[in-house]
Amino acid sequence: MRSLIFKDRSKLSPYYIPAVLPHREKQIQLLGSIYMKMLDDIDGAYPVYTQIVGSVGTGKTCTTLRFGRMLTEEAERRGIRLEHVYMNCKVDGSTRFVLFGNLVKKVAPELSTRSLSGEEMLHRLVEYLKDRRKYVFISFDESSEEPKGEDNLQPN
Ligand SMILES: Nc1ncnc2c1ncn2[C@@H]1O[C@H](COP(=O)(O)OP(=O)(O)OP(=O)(O)O)[C@@H](O)[C@H]1O
Ligand SMILES: [Mg+2]
């Protein structure tokens with residue numbers, strides 16, 4: 001039955017990302033100046049890391065997801081195989097081994113194995129992407145400053 005109160009209930013979902021994010025034009029433009037430019041010379045692309053900081057609820061996740069969509073749409077228009085992979089560190093794993101394992105599972109499930117270290121898995125993933133001329137834009141969300149588990153081991 002059609003709701004008399006809501007025009008579109010899907011807009012209440014935490015996964016709903018509006019097409020336009022008011023007051024985030026500058027941040028989206030800034031991300032664009034870093035990553036959109038890379039599409040002009042994708043063969044010369046190199047890894048670029050950006051940390052997004054801001055108070056709770058200021059739209060870090062929303063802005064990243066919106067920008068990720070813009071970037072992949074633009075890449076598709078140019079015939080570049082680029083995927084946005086969203087990793088939520090609280091859900092996808094708080095140790096490198098689990099997190100990188102889940103990253104590989106999302107991008108290249110056929111490479112997924114438990115017999116390699118996190119770093120080896122990443123290395124395989126990079127080779128896999130290079131062979132296929134594929135690109136990934138990866139966001140790590142909800143990362144804690146203090147890594148847990150094996151990452152937290154300090155040398156004596
Ligand atoms: N530019 C915007 N205009 C209006 N609402 C927005 C905007 N950006 C985000 N929101 C809304 O504000 C809420 C919080 O956004 P979001 O989860 O992206 O923030 P966050 O900075 O990632 O929060 P946290 O620090 O808890 O991870 C969401 O409901 C989102 O839809
Ligand atoms: Mg967030």
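In this text, all values refer to a predicted model and were calculated from it rather than measured experimentally. Heads up: numbering here begins at 1 and tracks the sequence. As the structure lists them, so they are numbered: ligands from 1, and atoms in each ligand from 1.
- In this structure a side-chain-to-backbone donor-acceptor pair under 3.5 Å is present from Asn102 to Asp92.
- Proximity of atom 5 (N) of ligand 1 to the protein is not indicated, since no non-hydrogen protein atom lies closer than 4.0 angstrom.
- Protein atoms of type N/O/S that fall under 2.8 Å from the Mg ion (ligand 2) number 1 in this view.
- Scanning the protein heavy atoms around atom 25 (O) of ligand 1, the nearest turns out to be Lys60 NZ, 2.7 Å.
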- [ ] Would you sort out whether Leu122 and Arg96 count as a side-chain contact (heavy atoms from CB on, under 4.5 Å), showing the intermediate values?
- [x] CA-CA 10 Å; Leu122 266 195; Arg96 272 179 215 210; over 6 Å; no

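- Within 6.0 Å of CD in Glu73 there are more than 12 heavy atoms belonging to other residues, nucleotides or ligands.
- The closest protein non-hydrogen atom to atom 28 (C) of ligand 1 is Cys62 SG, 4.7 Å.
- The closest approach between any non-hydrogen atom of Pro22 and ligand 1 is below 4.0 Å.
- Against a heavy-atom cut-off of under 4.0 Å, Gly59 is close to the following atoms of ligand 1: 8 (N), 9 (C), 15 (O), 16 (P), 18 (O), 19 (O), 20 (P), 21 (O).
- Taking 4.0 Å as the cut-off between side-chain N and carboxylate O, Arg124 and Glu127 do not count as a salt-bridged pair.
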Task: Intermediate values then yes/no, side-chain contact (heavy atoms from CB on, under 4.5 Å), Val136 and Leu82 - done: CA-CA 5 Å; Val136 279; Leu82 180 133; over 6 Å; no

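- Side-chain atoms of His84 and Ser139, non-hydrogen and from C-beta on, do get closer than 4.5 Å to each other.
- Here the CZ atom belonging to Arg81 is positioned 10.5 Å from the OH atom belonging to Tyr135, to the nearest 0.5 angstrom.
- Near Arg24, with a cut-off below 4.0 Å to any heavy atom, the atoms of ligand 1 are 1 (N).
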Task: Test ring-ring contact (aromatic ring centres under 6.0 Å, His included) applied to Phe67 and Phe137, step by step - done: CA-CA 10 Å; Phe67 178 74; Phe137 174 68; 5.8 Å; yes

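- The ligand atoms of ligand 1 that sit less than 4.0 angstrom from a heavy atom of Val56 are 25 (O), 26 (O).
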Open item on the list: Please evaluate residues Arg78 and Asp40 with respect to the criterion salt bridge (Lys or Arg N to Asp or Glu O under 4.0 Å), reporting the C-alpha separation (whole Å), side-chain torsions for both, the decisive distance (0.1 Å), and the verdict.
Closed with: CA-CA 9 Å; Arg78 297 179 188 212; Asp40 295 338; 2.7 Å; yes

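- Atom 2 (C) of ligand 1 is approached by the protein to below 4.0 angstrom, counting heavy atoms only.
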